[in-house]
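Comments concern the structure below.
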Amino acid sequence: MKLSRFAAYVSSFVLAAVFALTGAGVAHAAQQADSTDYVALGDSYSSGVGAGSYDSASGSCKRSTVAYPALWAAAHSPASFAFAACSGARTGDVLSGQLGSLNSSTDLVSITIGGNDAGFSDVMTTCVTSSDATCVNRVNQARSYVDTTLPGRLDQVYSAISARAPAAHVAVLGYPRFYKIGGSCIAGLSDTKRAAINGAADYLNAATAKRAADHGFSFGDVTGTFTGHEICSSNSWLHSLNWLDIGISYHPTAAGQSGGYLPVLNSTD
């Protein structure tokens, strides 16, 4: 596989850190850190809904200063950082409003997308308010959409990214499983509903990973980093249903962004 500029940057950064131990290579490391042009695209899982510390200038997009793209940028000081991810975004929103910062100089692109297209919000609403059977039926409808319609929409987004930023390393990140089955929750959704929702997340991730691979992109699976931190665990990195602030429900906390998503972005070189 051809080494991308992002991969080369990571390698150079590690080498520079080693050289720095002997007092050498500091200037080279700074030069490498300043050379990356990073664009963060996607939906609320990338904008940072649920993490707090929102940039007021981002309005309803709710871009958080502690979302994983902002954390990566703060740690690496890229030459440029365009934070375009927006709460509620679907594939069409990425195509129509988030690609303007991509160009031939872009080195790194990250994105989470597809959950809203598949009806994530409606699935959760249905499962919270309806019977086990109705929840499972709604989940199956979402899975059918993932089979029949979502791949083509992901292809449109991924092709547009490649066309605008042909030299970029593209990291497509997935979604966590939401529930620990048989965990500490004594009320709320049944385990039948929780298992159906977790299965839907896995199904969406598998479809997204395949489309990403077919476009030569990296897929970052966050289910591993969130294991032990699902809802109903003793240390959840996901908000449960919050009637006082419904928009943050089922979104990562600040700890989920830093501990669940950021390490996966760092590993997708």
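We count residues from 1, following the sequence as given. Hydrogens, waters and symmetry mates are skipped; everything else that's a heavy atom, side chains included, is used.
Within the 4.5 Å cutoff, side-chain heavy atoms of Ile197 are placed close to those of Met124. By the 4.5 Å heavy-atom criterion applied to side chains, Pro69 and Tyr261 are not counted as neighbours. At least one side-chain heavy atom of Ser44 sits less than 4.5 Å from a side-chain heavy atom of His251. Under the 4.5 Å side-chain criterion, counting only non-hydrogen atoms from C-beta, Val264 is not in contact with Phe219. Residues Asp132 and Lys193 form a side-chain contact, since some pair of their non-hydrogen atoms from C-beta on lies under 4.5 Å apart. Using a 4.5 Å heavy-atom cutoff, the side chains of Gln141 and Tyr145 are not in contact. The closest side-chain heavy-atom distance from Ile161 to Ile111 is below 4.5 Å. Counting only heavy atoms from C-beta outward, the side chains of Val39 and Phe83 never approach each other to under 4.5 Å.
Note that the CG atom of Asp122 and the CG atom of Asn116 stand 11.5 Å from one another [nearest 0.5 Å]. The structure places CG of Leu95 at 6.0 Å from CD of Gln156, a figure rounded to the nearest 0.5 Å. How far CG of Leu41 is from CD1 of Ile113: 8.5 Å, rounded to the nearest 0.5 Å. Considering CG of Asn242 and OG of Ser249, their distance stands at 5.5 Å, rounded to 0.5 Å. Atom CZ of residue Arg90 and atom CG of residue Asp43 lie 11.0 Å apart, to the nearest 0.5 angstrom. In this structure, the separation between SG on Cys135 and CG on Leu189 is 7.0 Å, given to the nearest 0.5 Å.
Put simply, Leu102 and Val94 are part of the same group of oily side chains (I, L, V, M, F, W, Y) that touch within less than 4.5 Å, one to the next. Hydrophobic clustering (side-chain heavy atoms under 4.5 Å, transitive across Ile, Leu, Val, Met, Phe, Trp, Tyr) groups Leu71 together with Leu238. Under the 4.5 Å side-chain heavy-atom criterion for Ile, Leu, Val, Met, Phe, Trp and Tyr, Val128 and Ile248 are members of distinct hydrophobic clusters. Cluster membership check: Ile181 shares its hydrophobic cluster with Phe226, using side-chain heavy-atom separations under 4.5 Å among Ile, Leu, Val, Met, Phe, Trp and Tyr. A single hydrophobic cluster is seen to contain both Val146 and Phe217, as judged by linkage of ILVMFWY side chains at heavy-atom distances under 4.5 Å, directly or through other members.
Phe120 and Phe178 have parallel rings, their planes meeting at less than 30° on a 0 to 90° scale where 60° marks the start of perpendicular.
The 12-atom threshold is exceeded at CZ of Arg143, counting heavy atoms of other residues, nucleotides or ligands nearer than 6.0 Å. Sparse packing is recorded around CZ of Arg177, with 12 or fewer heavy atoms of other residues, nucleotides or ligands lying under 6.0 Å away.
With no hydrogens or angles considered, a side-chain donor-acceptor pair links Asp221 and Thr223 at under 3.5 Å. Using modelled atom types and a 3.5 Å distance limit, the side chains of His215 and Ser162 yield no donor-acceptor pair. Asp117 and Thr91 share a donor-acceptor pair across their side chains, judged by distance under 3.5 Å alone. Residues Ser80 and Asp37 have side chains that bring a donor and an acceptor to within less than 3.5 angstrom of each other. Of the N and O atoms on the side chains of Arg153 and Tyr158, not one donor lies less than 3.5 Å from an acceptor on the other residue. When only modelled atom types and interatomic distance are considered, Tyr175 and Thr112 share no side-chain donor-acceptor pair under 3.5 Å. A donor atom on one side chain and an acceptor atom on the other are found under 3.5 Å apart for Thr134 and Ser131. Side-chain atoms of Ser53 and Ser64 include no donor-acceptor pair closer than 3.5 Å. Using modelled atom types, one finds a donor on one side chain and an acceptor on the other under 3.5 Å when comparing Tyr38 with Ser110. Checking Asp191 against Tyr179 by side-chain atom types alone, no donor-acceptor pair falls below 3.5 Å.
Taking the six-membered ring wherever Trp is involved, the centroid distance between the rings of His239 and Tyr250 does not fall below 6.0 Å. The six-membered or imidazole ring of Tyr45 lies away from that of Tyr68, with a centre-to-centre distance of 6.0 Å or more.
Nearest heavy-atom pair across Gly48 and Ala67 is CA-CB, 3.7 Å. Nearest heavy-atom pair, Ala165 versus Thr106, reported as atom, atom and distance to 0.1 Å: CB-CB, 3.9 Å. Listed here is the closest heavy atom pair of Ala84 and Gln98: O-CD, 3.3 Å. What you find for Gly88 and Asp93 is that their closest heavy atoms are O-OD2, 3.9 Å. In terms of heavy-atom proximity, Val49 sits nearest to Gly247 at CG1-O, 3.5 Å. Across Arg63 and Cys86, no two heavy atoms sit closer than the pair NH2-CB, 4.5 Å.
Ser144 contributes no side-chain N or O that, together with a main-chain N or O of Asn140, makes up a donor-acceptor pair within less than 3.5 Å. Distance alone, capped at 3.5 Å, places no donor-acceptor pair between the Asn137 side chain and the Ala133 backbone.
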Q: Given side-chain contact (heavy atoms from CB on, under 4.5 Å), test Cys185 with Arg194 step by step and report yes or no.
A: CA-CA 11 Å; Cys185 295; Arg194 291 168 182 159; 3.5 Å; yes
Q: Begin from the C-alpha positions of Glu230 and Ser236 and carry the test side-chain contact (heavy atoms from CB on, under 4.5 Å) through to its verdict.
A: CA-CA 5 Å; Glu230 307 95 335; Ser236 178; 5.9 Å; no
**Q.** Full working for side-chain contact (heavy atoms from CB on, under 4.5 Å) between Leu173 and Thr208
**A.** CA-CA 9 Å; Leu173 278 70; Thr208 304; over 6 Å; no
Q.
Between Thr268 and His169, does the side-chain contact (heavy atoms from CB on, under 4.5 Å) criterion hold? Intermediate values first, please.
A. CA-CA 9 Å; Thr268 56; His169 171 84; 4.0 Å; yes
